[in-house]
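Below are the structure tokens for one structure; questions will follow.
Side-chain atoms are counted along with the backbone in the values below, which use heavy atoms only and exclude waters and symmetry mates.
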Amino acid sequence: MFEKILIANRGEIALRIIRACREMDIRTVAVYSKADEYSLPARFADEAICIGAAPSQDSYLHVPSIISAAEICDVGAIHPGYGFLAENAHFAEICESCNIRFIGPAPSVIRLFGDKSEARQIMKEEGIPVLPGSEGNVETHDEAIKIARKLGYPVMVKAAQGGGGKGLRVAHNDISLANAFMAAKSEAEAAFGNSDIYIEKQLEHPRHIEFQILADGHGNILHLNERDCSIQRRHQKLIEESPSPALEGKLRARMGKTAVRVAEIAGYESAGTVEFLLDKKGDYYFIEMNTRVQVEHPVTEVVTQIDIVKEQIRIAWGKKLEFEQKDIRMHGHAIECRINAEDPSRDFSSCPGKITDYFPPGGPGIRVDSHVYSGYEIPVHYDSMIAKVITVGRLRETAIMRMQRALDEYIIGGVKTTLPFHRKVLADPRFRKGRYTTSFVDEYLRK
Amino acid sequence: MFEKILIANRGEIALRIIRACREMDIRTVAVYSKADEYSLPARFADEAICIGAAPSQDSYLHVPSIISAAEICDVGAIHPGYGFLAENAHFAEICESCNIRFIGPAPSVIRLFGDKSEARQIMKEEGIPVLPGSEGNVETHDEAIKIARKLGYPVMVKAAQGGGGKGLRVAHNDISLANAFMAAKSEAEAAFGNSDIYIEKQLEHPRHIEFQILADGHGNILHLNERDCSIQRRHQKLIEESPSPALEGKLRARMGKTAVRVAEIAGYESAGTVEFLLDKKGDYYFIEMNTRVQVEHPVTEVVTQIDIVKEQIRIAWGKKLEFEQKDIRMHGHAIECRINAEDPSRDFSSCPGKITDYFPPGGPGIRVDSHVYSGYEIPVHYDSMIAKVITVGRLRETAIMRMQRALDEYIIGGVKTTLPFHRKVLADPRFRKGRYTTSFVDEYLRK
Amino acid sequence: MNLKEIREIINLMNDYDLTEFSMERDGFKMALKRGPEGAIMSQSPIIERVAELVEKAAVEKKEEEQPRGAEIVSPMVGTFYASPSPDSSPYVEVGQIVDTEDVVCIIEAMKVMNEIKADIKGKIIDVLVEGGEPVEFGQPLFLIEPVE
Amino acid sequence: MNLKEIREIINLMNDYDLTEFSMERDGFKMALKRGPEGAIMSQSPIIERVAELVEKAAVEKKEEEQPRGAEIVSPMVGTFYASPSPDSSPYVEVGQIVDTEDVVCIIEAMKVMNEIKADIKGKIIDVLVEGGEPVEFGQPLFLIEPVE
């Protein structure tokens with residue numbers, strides 16, 4: 001097994017990876033920016049090295065510094081976490097060329113799924129259901145209008161290199177399409193240095209269902225069932241659960257098979273997530289595959305009792321998966337709430353600052369993944385997520401009641417957080433019945 | 001369901017019960033002594049009422065104060081937790097006579113199992129395997145010697161009303177038996193106001209295996225498999241795990257059936273624990289039944305995903321169990337370490353005081369049940385347990401590695417704790433192989 | 001104010017994590033502060049919320065206590081009754097002088113009527129609890145001005 | 001108030017971490033204050049251990065800095081080399097005067113030799129890192145006494 005792994009990330013996911021490594025007897029190197037000097041990952045890792053100034057481009061996105069740190073510390077592998085360089089094929093290539101194992105799929109696979117338009121096209125040709133849309137990218141505004149009219153409005157205008165809701169626009173008619181097309185194009189150019197755009201039919205009130213995949217280097221691919229991530233605000237997931245209240249056994253099995261097939265087509269190796277949209281009729285459509293560990297991976301971990309981060313590391317070392325599809329069971333129901341340092345009453349504007357009081361919830365069925373503590377200063381430079389609370393229970397109802405209890409116990413002083421927002425959603429009758437779609441939050445906030 | 005429950009206890013178990021009630025939408029009343037004014041249960045409960053001075057006999061053992069508090073607050077039931085009044089049949093009777101539901105078995109059942117000698121005799125007559133020993137109580141020293149010679153030394157001299165190692169002595173020959181008999185008798189008289197003594201053959205290096213029972217008021221009895229509690233120091237459990245590394249499927253099934261039969265014989269209703277000793281040959285012997293929730297109940301909860309405290313409450317309300325024996329599965333492996341404010345380097349002498357720093361472990365597979373926080377003052381009046389850490393993993397090895405990680409992360413400043421002791425035991429090769437008996441700690445400490 | 005009193009104040013500040021305390025005697029002014037710079041920042045929020053209550057109580061009590069003297073507190077949990085029966089007159093009334101052995105009220109606990117004695121000789125200044133009201137252990141029942 | 005009383009008050013302030021104390025006798029005024037130092041105790045242990053290190057580092061740095069001037073710090077993670085090749089002499093030596101554009105060392109990162117310039121005009125007082133030693137971002141490499 002690897003003797004030492006460098007974690008090219010920060011915050012809760014860096015801590016998560018350090019914890020996995022400790023449990024595997026692997027030494028860890030944390031890299032940190034000047035703003036993260038007093039962060040838990042920098043304290044909990046066996047070694048910690050400052051790689052640059054606070055802005056991400058000078059530290060967590062600065063490839064030479066990270067590779068240099070890896071070389072100095074003589075690590076066997078780099079775990080990229082999520083965000084930052086996690087889906088950067090170029091970075092993965094550099095790692096390989098420096099004889100450092102990149103913990104993730106091959107660079108070519110990252111590149112393939114990085115181009116959403118291309119991936120969609122390939123999957124479509126292989127018989128995977130995708131949303132009706134353009135054949136490949138759309139070059140001109142006129143072409144866009146032609147396609148949109150054929151599909152019927154509303155349509156989604158999407159950046160091929162997009163992600164996290166960036167470079168994504170909805171158009172309801174020719175006029176709004178003109179705006180959407182230009183806006184998406186320039187946003188994509190600015191965000192990803194690539195202005196390729198494609199068009200998909202927009203589903204009305206779909207659910208966002210994703211399947212967790214594990215694939216080793218010996219041809220074994222399996223899925224750990226689904227997560228329902230339909231509770232989103234502006235394409236940012238807020239609450240996730242597993243299993244989905246919308247799936248019954250047969251549909252789950254079919255979607256799982258499709259997800260495994262997607263990974264197989266791509267020659268996937270590592271943990272990954274196949275994302276689908278599911279409509280009211282029970283038809284589902286592949287939208288993309290994420291080639292990294294997801295923020296919401298714990299809900300799958302607590303119901304399957306499989307440690308996804310450890311599996312990533314084992315697979316990267318070349319091990320075979322120690323279980324088969326038939327061994328994968330779901331024990332109970334899990335929910336995750338992402339707690340952000342944001343003010344829900346002010347359009348979720350981020351609230352960096354010092355955490356003056358901190359008391360995490362405890363007791364049965366609760367997992368807290370967080371890098372904060374009493375006295376921690378949330379830096380302004382990075383994203384606003386400060387904790388994930390995951391609850392598990394034998395029934396969905398138990399997990400919900402437990403989450404409400406956890407949210408009530410959780411004390412985070414000094415900064416505004418999304419705790420009150422989560423408390424409200426958890427109490428909503430539609431949420432409690434499991435009858436929600438990706439429109440839930442927007443409709444909810446309009447009330 | 002009950003609208004309001006009073007918790008006649010303190011510390012982590014009071015908090016545990018409050019948490020269960022919150023998740024069931026039941027209001028809670030915490031009673032507290034003057035020493036527990038700033039305790040978490042008193043803060044987290046819906047209502048809190050001071051019932052007396054710091055010494056237990058003036059507060060947590062003071063029946064009139066507790067009943068009076070229950071009447072004032074108009075509660076439907078009292079949950080006694082463990083210790084204090086939990087196995088006091090008289091208290092249970094008073095509750096019933098005041099029309100307050102005592103959450104536990106009937107007073108007569110508490111009384112039956114309160115007399116270990118009597119319970120042993122009854123179970124023996126019903127064909128339950130018990131250790132060879134005296135028929136009922138032993139009145140005189142001469143009688144004791146006669147029995148001991150027949151059984152063969154070493155023998156255990158036990159108080160009929162005993163528990164927690166009090167009034168218990170081991171004798172290796174006639175001379176030590178004389179001392180043991182007198183010592184046990186006077187200790188029993190002092191501790192329990194009853195000097196009844198019985199004698200059992202002492203097993204060499206047995207394991208302590210206990211089965212968790214759930215029995216409702218409709219004749220349904222089932223078990224949630226076993227806990228191995230062999231890691232004890234002076235009959236005080238320190239580490240528990242489920243499943244036991246010593247049991248395979250057939251033996252587990254047989255012991256489970258015996259445990260259910262014990263509950264059946266007694267007409268048991270509520271959660272309870274049947275304790276056995278298991279010898280090297282795989283023979284097992286009933287020693288006693290505990291008629292309350294155990295400190296170590298969480299290891300069973302995390303592997304079965306059944307909330308034992310909630311089940312106690314549901315049963316007390318008269319509900320039927322919602323699952324059968326065949327629905328009980330064990331998902332993975334769990335270990336619990338009891339963290340006491342004690343100094344392992346000074347013969348585990350208790351260390352009350354102020355907790356100056358506090359940081360509980362987090363992340364995957366960890367549960368912390370604790371009532372302490374940064375700034376908490378541990379009172380001198382009560383027991384020294386300040387936290388329970390429970391880890392769960394797919395394999396025993398995972399749970400162990402995770403526990404080591406958790407113990408390393410856990411920071412409790414200002415007082416000495418048993419954290420270092422646990423770290424050492426977890427690293428011990430015999431423990432890691434699961435090859436330990438109730439002699440483990442004593443042998444370990446002699447090294 | 002002498003050194004002993006100052007020491008006591010400092011002790012109180014320490015116990016309740018006060019960061020500031022000021023006082024003026026004539027005309028009586030008073031200000032207490034638990035600044036965010038101080039304890040609030042680092043203390044657990046739970047003890048803090050508790051401490052906040054305690055602080056408030058302390059301020060209120062001090063203001064009232066200063067001129068008013070001692071308390072008779074409840075020795076048990078129960079229901080407070082000022083008189084032996086609904087029709088009879090109360091054991092004590094404001095202004096009345098009581099001796100240590102005088103019964104001042106009844107606390108009912110578990111259907112038992114417990115007669116509570118004054119335990120102090122003095123003049124009743126105030127009755128702090130209504131008849132039939134539940135009281136907890138240590139709760140003040142009467143204000144009393146000690147005599148002698 | 002005499003010296004003995006003042007001494008006692010100072011002692012009390014010390015024992016209870018008071019940062020301010022004032023008093024007026026006639027008409028009686030008084031003010032006490034406990035500063036943020038009082039709070040450090042209950043901070044999270046992690047930040048505390050960190051803070052300890054930082055504090056120590058700060059003390060050490062101050063002691064050294066005071067008489068010794070400015071630092072040239074590493075602008076990147078890498079391996080420090082004092083000379084262009086193992087056989088050649090170092091770019092700079094103690095006592096040498098350097099100009100802003102003068103190369104003072106090489107930091108190797110990802111097989112690239114990055115020439116590091118002084119960025120400040122002055123006299124080299126100390127070389128803080130050995131050749132071949134790994135350095136992190138912001139790590140001091142040279143002490144320099146600024147000129148002009």
Side-chain angles (χ1 to χ4, degrees), chain A residues 12 15-16 18-25 40 44 297-298 301-310 322-323 327 329-333 357-371 373-374 387 390-395 397-406 408-409 411, chain B residues 12 15-16 18-25 40 44 297-298 301-310 322-323 327 329-333 357-371 373-374 387 390-395 397-406 408-409 411:
Chain A
E12 69 87 18
L15 195 58
R16 168 74 188 88
I18 291 169
R19 284 169 166 161
C21 289
R22 287 198 83 121
E23 294 176 14
M24 298 174 83
D25 253 339
L40 283 190
F44 277 4
H297 76 278
E301 290 188 330
V302 296
V303 294
T304 60
Q305 266 183 12
I306 288 169
D307 190 313
I308 294 167
V309 175
K310 286 185 191 166
E322 283 169 358
F323 31 79
D327 303 322
R329 295 254 161 66
M330 285 207 269
H331 313 301
H333 195 103
D357 305 317
Y358 188 71
F359 185 85
I366 287 181
R367 167 175 169 183
V368 178
D369 277 36
S370 173
H371 57 293
Y373 53 86
S374 182
I390 302 98
T391 61
V392 61
R394 219 161 50 86
L395 307 170
E397 178 67 11
T398 321
I400 290 177
M401 297 293 277
R402 196 155 271 169
M403 181 62 83
Q404 290 189 300
R405 196 262 290 169
D408 282 347
E409 271 184 30
I411 296 165
Chain B
E12 70 86 18
L15 194 58
R16 169 72 188 88
I18 291 169
R19 283 169 167 160
C21 289
R22 287 199 81 120
E23 294 176 14
M24 296 175 83
D25 253 339
L40 284 189
F44 277 5
H297 75 279
E301 290 188 329
V302 296
V303 295
T304 60
Q305 266 182 14
I306 288 169
D307 190 312
I308 293 167
V309 176
K310 285 185 191 165
E322 283 168 358
F323 32 77
D327 302 323
R329 295 255 160 67
M330 286 208 268
H331 313 302
H333 195 104
D357 304 318
Y358 187 71
F359 184 85
I366 288 181
R367 166 175 170 182
V368 178
D369 276 36
S370 172
H371 58 294
Y373 52 86
S374 181
I390 302 98
T391 61
V392 62
R394 220 160 50 84
L395 307 170
E397 177 67 10
T398 322
I400 290 177
M401 296 292 278
R402 195 157 269 169
M403 182 62 83
Q404 291 190 297
R405 196 263 290 169
D408 282 345
E409 270 183 31
I411 295 165

Task: Side chain, backbone, both or neither of A:D25 within contact of chain B (heavy atoms, under 4.5 Å) - done: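 Both parts, backbone and side chain.
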Task: Contact origin within A:V392 toward chain B - heavy atom pairs under 4.5 Å - done: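 A:V392 touches chain B through side-chain heavy atoms alone.
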- [ ] Please state whether the side chain, the backbone, both or neither of B:P364 comes within less than 4.5 Å of a heavy atom of chain A.
- [x]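 Its backbone and side chain both get close to chain A.
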TODO: Output yes when a side-chain donor or acceptor of A:T391 lies under 3.5 Å from a complementary backbone atom of A:A399, and no otherwise.
DONE: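 Yes; at least one donor-acceptor contact below 3.5 Å.
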TODO: Evaluate the criterion side-chain contact (heavy atoms from CB on, under 4.5 Å) for residue pair A:R16 and A:H297; output intermediate values, then yes/no.
DONE: CA-CA 11 Å; A:R16 168 74 188 88; A:H297 76 278; 3.1 Å; yes
- [ ] Starting at OG of A:S370, measure out to CG of A:L40 and round the result to the nearest 0.5 Å.
- [x] 7.5 Å
Task: Closest-packed option against chain A by number of heavy-atom pairs under 4.5 Å, given B:E301, B:M403, B:R367, B:M24 - done: B:R367
- [ ] Mind ranking B:D408, B:T398, B:V302 by heavy-atom pairs under 4.5 Å with chain A and telling me who comes out on top?
- [x]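 If we count pairs closer than 4.5 Å to chain A, B:D408 comes out on top.
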Task: chain B contacts, top residue of A:R394, A:R329, A:K310 (heavy-atom pairs, under 4.5 Å) - done: A:R394
Task: Straight-line distance of A:F44 CZ to B:R405 CZ, nearest 0.5 Å - done: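 The CZ atom of A:F44 sits 9.0 Å away from the CZ atom of B:R405.
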TODO: Counting only heavy atoms closer than 4.5 Å, note whether A:R19 contacts chain B via side chain, backbone, both or neither.
DONE: both
- [ ] To the nearest 0.5 angstrom, please state how far the CD atom of B:E23 sits from the CZ atom of A:R402.
- [x]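 Answer for the CD-CZ pair, B:E23 versus A:R402, is 4.0 Å.
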Open item on the list: If we define contacts as heavy-atom pairs under 4.5 Å, which of B:E12, B:Q404, B:E409 has the most with chain A?
Closed with: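 Looking at each of B:E12, B:Q404, B:E409 in turn, B:E409 comes out on top.
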Task: Residues forming a salt bridge (charged side-chain N to carboxylate O under 4.0 Å, His left out) with B:D327, sequence neighbours excluded - done: none
